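Here is the structure we will look at.
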Amino acid sequence: ELIVEYLRRKRDLLLCAAAGATPTLTYKLLGEKKQTAPNLFKEMRVLKLDEWGGLAMDDPATCEVYLQNNLIKPLGISVGRYISFCSNSENPERESEKIHQKLCEIGPIDFCVLGLGLNGHLALNEPSKELRPFAHVVGLSDASLKHPMLEKARVKPDYGLSLGLAEIFSAKKILLLVSGKNKNPAMRRVFTKRLSTHFPASLLWLHHNTVCLCDEDAARGIDVNS
């Protein structure tokens, strides 16, 4: 409903989309909305948030395959309205620069859907004493390499490709979706309201328009009013 509300106001809305289990139902509901309001999505644009590097684009573990199956094809997003990291580019640094330049041309992001990493990563911006502002190549942490998406990977990813925090935080609206009891420790840390680059999700407190929606398991024991 939040995404549709924004889409009604701006038909060429630029949606930055995360992959993974948590947003799947959100995308399914958007697909169902298209059945009753097909014209609503005719101008919508989609930007891929991040990608596993070193995998073929048709590897079942890629964000590409996930987004094609759950968002791009169900919503009928044409090639010209989809901006995507190439997972197996010969020059990952140049690929990142290409995405950054494209976002400079068509951005900023209108609506960004994010998940919460177990180690607090946002997109594939891993915990570190320094964080990158723009799209870049990422060295993957052990925690990220255990991501459930990679269980079906044909090969292990060599690196990650991710939007940077300045690009993500330029979004007019951020929707953080969190589900499952395994995310409860990370949620608890977010709601300590202590900001640290070693837990990138904590920096969402600096964004002017972020909404967090979560299930009871993820939020158990958290007093959001404290």
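Note that the coordinates shown come from a computational prediction; the quantities given were computed from them, not determined experimentally.
A ring-centre distance under 6.0 Å is not found for F85 and W52.
Counting heavy atoms from C-beta on, the side chains of T197 and P127 never come closer than 4.5 Å. Side chains of L206 and L195 form a contact here, defined as non-hydrogen atoms less than 4.5 Å apart. Using a 4.5 Å heavy-atom cutoff, the side chains of F199 and V190 are in contact.
A side-chain donor-acceptor contact under 3.5 Å links H207 and T210. A donor atom on one side chain and an acceptor atom on the other are found under 3.5 Å apart for E126 and S141. Using modelled atom types, one finds no donor on one side chain facing an acceptor on the other under 3.5 Å when comparing S87 with E64.
Two different hydrophobic clusters hold V46 and V65 under the rule that ILVMFWY side chains link at heavy-atom gaps under 4.5 Å.
Ionic pairing of D110 and K10 is present here: one or more N-O contacts between side-chain nitrogen and carboxylate oxygen are shorter than 4.0 angstrom. Taking the charged nitrogens against the carboxylate oxygens, R8 and E5 have no contact shorter than 4.0 Å, which rules out a salt bridge. A salt bridge does not link E97 with R94: every distance from a Lys NZ or Arg NE/NH1/NH2 to an Asp or Glu carboxylate oxygen is 4.0 Å or more.
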Exercise answer: donor-acceptor pairs, residues 31-44 side-chain atoms, under 3.5 Å, sequence neighbours excluded:
from : atom 1 : to  : atom 2 : distance (Å)
T36  : OG1    : K33 : O      : 3.0
N39  : OD1    : K42 : NZ     : 3.2

All N/O donor-acceptor pairs, side-chain side in residues 70-79, below 3.5 Å, sequence neighbours left out:
from : atom 1 : to  : atom 2 : distance (Å)
N70  : ND2    : Y66 : O      : 2.8
S78  : OG     : R81 : NE     : 3.2

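Atom CG of N209 is surrounded by more than 12 heavy atoms from other residues, nucleotides or ligands within 6.0 Å.
Residue H100 forms a side-chain hydrogen bond (donor to acceptor under 3.5 Å, both in side chains) with just one option from E167, E95, H136, E105, and that option is E167.
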